[in-house]
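Okay, so here's the structure we're looking at.
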Amino acid sequence: MPQSAGASATTTGLSRSARSLRHLIAGEWRSGDGDEFLDVSPARPDETVAVGRLARDRDLDQAVSAARDAFPRWAATPHHVRGRILDRAADILDAHAEEWGGELSWEEGKTRAEGVGEVRRAAEILRYYASDASRPVGEVFASPRPGEQIHVTHRPVGAVAVVTPFNFPVAIPAWKIAPALGYGNTVVWKPAGLVPLLAVRLAQALVEAGLPEGVLSLLLGDGALGGRLVEHPGVDAVTFTGSTSVGRSLIAACGRLARPVQTEMGGKNAAVVLADADLELAAGEVVAGAFRSAGQKCTATSRLVVQEPVADEFLALLTERASALRVGDPLAEGTDMGPVVSLQARETIQRAVDAGLARPGVDLLTGGRPYDDDRMAGAYVQPTVVELAGEDPLWREELFGPVLSVRRARDLHEALALADDSEFGLSAAVFTDDLRVVTAATERLDVGVLHINSETAGADPHVPFGGAKQSAYGPKEQGRAAREFFTRTKTVYVRASGAAR
Ligand code: UN1
């Protein structure tokens, strides 16, 4: 049974008094006058992290018109000047990484080390887009006509709606907002209702860094507010990360409006452990992929395919590692896995596991049961591994929690077919040292991100990130790929007068 570190372990250096939340609208921090809402700690749901008031439609209208008004001037501001603001915001994030990383852990539930790491990662993303001003901004083509050149330039799109999920409260917003702003767009941002505090921190860093008023607005509210933002007549484009069901409805809304939309949605990512794999390495990576952030990453490893000859040995190793994880207070030293984001998420995940365990062909290898210890009254779910004899909803449905479903494969062909057997196609990991297998996996797996001998999660700021199949819609994120969504090309035919005559 997984260890419980308990919620009473000592935590250091973070004031536990509730913060007050504010919206950022047209350059002003405002309390708002909608209904009051509480931001609670998933580790101790009776503890309030922050208190705020929901944004109302009037706030939304003002934020969108501020974004429209600020756009021409911001778009005309030199890219290098915009970049310097992103750079300064990165410095501010780095300077507050310990404090804000602790708040992230308190608010969202991932471990403090992961929280601090995420704040630093956001800083790195901002720096990447800050330096983008020094990279080429377009292309020049030869013309079939004499005396002419054809230039392809990139222009910002306008006022962009940014809607972000709870699981990376600062990194995902950074990788949407930094390229949006860097390329000259203005932004109205609606973060997930469960993580408003870290949204305020990122906005604060950008404002302190010198972002002009109206260029970024932050509205705190529920999903319905996000829906109204996406459909607001003043919005030019929409970028979203979150569930597939919400993503699809935003895509439909944007389709009706002929509005560009980029969505990053679900995953049910497989790790494939083949007979020649380094099993120790694979076990460490699969545990990290499945249980870091309590499995709440769209890139998390939620399926495992293991080749028959090594299956018993690998599953024994994996189960041992998973059950040794110390689960408990995410702010406490030594905790490996904190709670999931809310009691409601815990119920949904536990219910799906319970239903699975009641079905034939579903074997529990470790975890799977609710904690009965009072110290674990927060949103804790045990790191869980189940083996499936065949087809089962636990193989298909994204649970967004620390639950790994395993199937065995006879050979490479069957292993890759099982890995690909999903409506999603975000990421996959293959553990092998055989170059033929690497080549086959690269060709056959329909995923946006493939890892050889490393976990399914992770993304670097300078390379494209995004999925295949139902995992994504629209252009990829990060790196140069981001430019595709956050700019439009303009093709300019340049001919000196009289040149062709
Ligand atoms: C990562 O694996 O580090 O929502 C990033 C998510 C993904 C980001 C994953 N869009 O989990």
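Atom set for the values below is all heavy atoms of this structure, side chains included, hydrogens, waters and symmetry mates excluded. Quick note: residue numbers are just sequence positions, from 1. Indexing begins at 1, ligand by ligand and atom by atom, following the structure's order.
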Quiz item: Which part of Arg121 is near ligand 1, with near meaning a heavy atom under 4.0 Å away: side chain, backbone, both or neither?
Solution: side chain
Quiz item: Side chain, backbone, both or neither: which part of Trp175 has a heavy atom under 4.0 Å from ligand 1?
Solution: side chain
Quiz item: So, Arg408 and Glu387, do they make that salt bridge, N to O below 4.0 Å?
Solution: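 Result for this pair is yes, salt bridge flagged.
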Any N or O of [X] that comes nearer than 3.5 Å to an N or O of ligand 1?
| X | value |
| --- | --- |
| Ile172 | no |
| Phe168 | no |
| Gln296 | no |

Under 4.0 Å from a heavy atom of [X]: which atoms of ligand 1 are those, numbered in the order shown and with their elements?
| X | answer |
| --- | --- |
| Thr241 | 4 (O), 10 (N) |
| Ala457 | 2 (O) |
| Lys297 | 11 (O) |

How far is [atom] from its nearest protein heavy atom, and which residue and atom name does that atom have?
| atom | value |
| --- | --- |
| atom 10 (N) of ligand 1 | Cys298 SG, 2.9 Å |
| atom 9 (C) of ligand 1 | Thr299 OG1, 3.4 Å |
| atom 1 (C) of ligand 1 | Gly458 N, 3.4 Å |

Quiz prompt | Trp175/Tyr129 aromatic ring centres below 6.0 Å | solution = no
Exercise. Count the heavy atoms belonging to other residues, nucleotides or ligands that lie under 6.0 Å from CZ of Arg292, then report whether that count exceeds 12.
Key: no
Quiz prompt | Where Leu206 and Ala89 come nearest, the two heavy atoms and their spacing | solution =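 Looking at all heavy atoms of both residues, the shortest contact is CD2-CB, 3.7 Å.
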Quiz item: Do you know which two heavy atoms are closest between Glu118 and Val170, and how far apart they sit?
Solution: OE2-N, 2.8 Å
Quiz prompt | Any residue meeting salt bridge (Lys or Arg N to Asp or Glu O under 4.0 Å) with Lys176, in chain and number order, not counting sequence neighbours | solution = Glu477
Quiz item: How would you list, by chain and number, every residue that makes a salt bridge (Lys or Arg N to Asp or Glu O under 4.0 Å) with Asp132, sequence neighbours excluded?
Solution: Arg135, Arg480
Quiz item: Is it the case that Arg121 places NZ or CZ above or below the six-membered ring of Phe168, under 6.0 angstrom from the centre and within 45 degrees of the axis?
Solution: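 Yes, Arg121 sits over the ring of Phe168.
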